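All remarks here apply to the structure that follows.
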Amino acid sequence: MLPNVTVGGVRERFRVERDVLDELKLEEVTQRKSYADIHSSLSEQLKNALRCNIHYLKQSIVRRLPVLYWLPKYSVWDYGMPDLISGISVGIMHLPQGMAYALLASLPPVFGLYSSLYPALVYFFFGTSRHVSIGTFTVLSIMVGSVTERLAPDVDFQKANGTNITAEVDVTARDSYRVQVAAATTVLGGLIQVLLGVVKFGFVGTYLSEPLVRAYTTAAAAHAVVAQLKYIFGVSPTRFSGPLSLVYTLKDVCSSLPNTHLPTLLVSVVTIVLLIAAKELNSFLSSKLPVPIPVELITIVAGTLISSYAHLNTNYTISVVGEIPSGLSSPSVPDVNLFGEVIGDAFALAIVGYAITISLGKTFALKHGYKVDSNQELVALGLSNTVGGFFQCFSVCSSMSRSLIQDTTGVKTQVIASSLIVLVIILKLGTLFQELPKAVLSAVVFVNLKGMFKQYYDIITLWRSSKIDLVVWLVTWVSTLLLNLDLGLAASVTFAVFTVIFRTQLPTYSVLGNIPGTELYVDIEMHREARGIPGVTIFRSSATVYFANADLYLEALKEKSGLNISKMIIYKRRQEAKQKRRERRAERRAKRQAKRERENGTVFVIPTTPRTPDGRWEYLKGGDPDCTSLGWMSELQDGDTTTLGSSSEDTLSQDLERMSLGSLGKWTWDIHSIILDLSTANFIDTVAIKTMKNIFQDFSEIDVDVYMAGCQASVVEQLEHGDFFSEKITKRRLFASVHDAVLHCLNHRGATTIPRYEPSCNCCTSDACKEKLLKLQLLDCVSSAILLTHEVLVDKNNRIAISKQKNITTKHLFTVA
């Protein structure tokens, strides 16, 4: 490589001088390794998997328990104070959010505190992210709530008075059963996460694209709002489950609005207004405050004090939290009989929780320069949920708001200060919040959904950037709203996968052209400066070729090349059957016609070798010796011949242009080589290999060479395993780049497609003849088809005879004295 760099970096150029590299030469130059050198055998893999030594054992333990990696290096002097401040700040947020999100899960508030304690302790030992805060989260709480209310509706727990069923609900029995349902769902979801992590399925979260996740959380926010309306308005609507449950619930809430409990509504409105104002003030002063003001905590404390001293529950019948047991609950085994009923919901919780956690974890890891192990995160989150489920916790994941607080307060590690705060609240302070109105907790949830409501701006952004992502966003949002959270997630992922399949099935097919003076090849239709290579079609697909689009690839190739292979092959075989009869008839007719026209001074080219099925012969009309004219004779179905037009010397290039693809006859083409650019393919399956074989065979029938270029090593390996290569299709048909293939085509076909004819008369070497041949050679892409596929003969009067077949030999050249 010879660099040529302009001073100042204004313009950089390079020049490379090397041989044209096909696959065989490339393997020789690069010394490509064999499959056995790269991939170890199954026995060796088993040996490595079962091999155990001190170093390997230590690595395995540290990988499974990341706390052993950073805890011995922990510096109290450097990390102690930031971690303590962060832990206190996040722990304070756990109190209002845990209690409020427990209402979303249709569980007593104290179980929200449990869910903020046990899973965070487990994640401390097994998690790899240093900044995410594990605990309750809006979306998962709503998903758990949909399960608990479906399996434990109020109508199943109405109290019986003798033989009569009253409208009063046995809240204690209902909540107890709902806790069992939530615990069983959480444990099963955690086991699914652990299993996926052990088998290294951490990539499963990548199937949830960002537009899908944002639309899903936006729709979940709508579910959360509807679920909190009964607490805000103080009504008791019927809660529905299954598809369209949101619509039915909202309809029932609207029909219950005339029965709104005004004191509860007043508390809700006042709390919402104060929370919004305080949060806006928090945002305004964020640059001046070391830590954000704990607005939710202040609101909950103030609401509890006002409710306690004003006796809101007794005097105004405002619903309050009620009894909060002090102390920790003992672990219990969940009801495994419920697993069959909640397995679908558990899987949805596992995937959504992991997707949210890993996306936040990778964001903070990229910001602070460390790595998050996706498979270990699955295991850590799964263990957090599994262990938490035994302590009556519901599903948890990382929280955006609490994680941001940890990040802004300068946390360095996954300390347990926040868990200690929650533990103190559960043991000593929980009973103080028994008089907290549920309307206040609902207002906290409602205001915290503000960030999710802002995601509706994604519609405008995606409309400008990607229509397909916009469709994914809208389909996810609508399906989640109408089909509920579990079925909505399944429908959304299915649709997103179909969009990928659709885009690979219908990729962009293009014909490439060369940028003059470079080795670059770009789409001719999209770039004005791109120039086609005479006689060569370079075809590229924007997607890999596999079973779903192999047939479409072949059809697009035929369309872009302009060659109808099927009809051409049929025509060729039909002509071969008539070849002998046509040969005799054509020669007799040519001799008679030559004898009759000798007096007219016409120049003929008479073939002596058998002509090919589509072979034709041309002649030039006689005339003024100073005027060169061009014509040709074609065979009709009945075997007759006719003379078609003439042109003057000034319009020679126009005549040659008309003799390009399609104008030389129905079965004539100006393409001698096709290059398939496979640089976009990352794999190739058996169906695509069979399609490629058919392409090589079909085009060879019409004397068009096919080459491949830009194949990755893995694709070449798959071609070898698929028995693609043979005596006819060798690795010399594969080239390192498109430019290598183009140079080979031009050198290979260019050396044989313009035969040199030595005329019998000495005058044919005159300057006039040379000038005439030079004119033909200087014609660019249009005339190149003729130069590549036709014999060019010039007589002493500078008249030109062009034979339709390039391999015809001339027996006589008749002229008029």
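Only a predicted model underlies this, so the values are computations on that prediction, with no experimental measurement involved. Note: hydrogens, waters and symmetry copies are ignored here, and every other heavy atom, side chains too, is used. For the single chain, residues carry numbers from 1 onward in sequence order.
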Test log, rule salt bridge (Lys or Arg N to Asp or Glu O under 4.0 Å), inputs Asp83 and Lys412: CA-CA 6 Å; Asp83 286 349; Lys412 302 298 182 182; over 6 Å; no
Please name the pair of heavy atoms, one in [X] and one in [Y], separated by the smallest distance, quoted to 0.1 Å.
X      : Y      : answer
Ala220 : Ile142 : O-CD1, 2.9 Å
Ala182 : Thr186 : O-OG1, 2.7 Å
Leu381 : Cys397 : CD1-CA, 4.1 Å
Gln193 : Asn385 : OE1-ND2, 3.0 Å
Leu360 : Met400 : CD2-CE, 3.3 Å
Pro72  : Val67  : CD-O, 3.9 Å

Is a side-chain N or O of [X] found less than 3.5 angstrom from the main chain of [Y], in a donor-acceptor match?
X      : Y      : answer
Glu377 : Thr128 : yes
Arg178 : Ala152 : yes
Asn448 : Val444 : yes
Ser308 : Thr304 : no
Asn375 : Gly202 : yes
Thr363 : Ser359 : yes
Ser116 : Gly98  : no
Thr314 : His311 : no
Asp170 : Phe157 : no
Ser479 : Thr476 : yes

Side chain proximity check, [X] to [Y], heavy atoms < 4.5 angstrom:
X      : Y      : value
His261 : Val235 : no
Asp486 : Ser146 : no
Phe339 : Ile343 : no
Leu266 : Pro263 : no
Ser332 : Gln392 : yes
Leu436 : Met99  : yes
Val62  : Gln59  : no
Cys393 : Pro119 : yes

Between [X] and [Y], does the ring centre distance come in under 6.0 Å?
X      : Y      : answer
Phe391 : Tyr114 : no
Phe111 : Phe394 : no
Trp473 : Tyr457 : no

Trp70 vs Phe125, ring-ring contact (aromatic ring centres under 6.0 Å, His included): CA-CA, chis, key distance, verdict: CA-CA 11 Å; Trp70 60 265; Phe125 293 98; 9.4 Å; no
CA sep, side-chain torsions, deciding dist, call: Leu151, Val342, side chain to side chain contact (heavy atoms under 4.5 Å, CB included): CA-CA 9 Å; Leu151 298 182; Val342 300; 3.5 Å; yes
Exercise: do Gln97 and Thr136 side chains pair donor with acceptor under 3.5 Å: no
Residue from Ser418, Ser89, Ser133 passing side-chain hydrogen bond (donor to acceptor under 3.5 Å, both in side chains) with Arg402: Ser133
Steps toward salt bridge (Lys or Arg N to Asp or Glu O under 4.0 Å) verdict (Glu280, Lys450): CA-CA 11 Å; Glu280 291 298 325; Lys450 176 186 175 183; 2.3 Å; yes
Mutual orientation of the aromatic rings belonging to His368 and His131 [parallel < 30°, tilted 30-60°, perpendicular > 60°]: parallel
Salt bridge (Lys or Arg N to Asp or Glu O under 4.0 Å) between Arg64 and Asp373, intermediate numbers included: CA-CA 10 Å; Arg64 295 304 179 187; Asp373 187 344; over 6 Å; no
Tyr316 atom OH: more than 12 heavy-atom contacts under 6.0 Å: no
Partner of Val295 under side-chain contact (heavy atoms from CB on, under 4.5 Å), chosen from Asn282, Leu274, Ile276, Ile300: Asn282
Sole candidate of Ser129, Ser374, Ser398 that passes side-chain contact (heavy atoms from CB on, under 4.5 Å) when paired with Ile358: Ser374
Residue pair Phe137, Tyr101: steps toward the ring-ring contact (aromatic ring centres under 6.0 Å, His included) verdict: CA-CA 7 Å; Phe137 185 61; Tyr101 293 159; 7.4 Å; no
Leu140 side, atom CG; Leu485 side, atom CG - distance, nearest 0.5 Å: 10.0 Å
Salt bridge (Lys or Arg N to Asp or Glu O under 4.0 Å) evaluation trace for Asp407 with Lys367: CA-CA 10 Å; Asp407 183 46; Lys367 179 180 179 181; 2.7 Å; yes
Ring-face cation of Lys362 near Phe364 (centre distance under 6.0 Å, axis angle within 45°): no
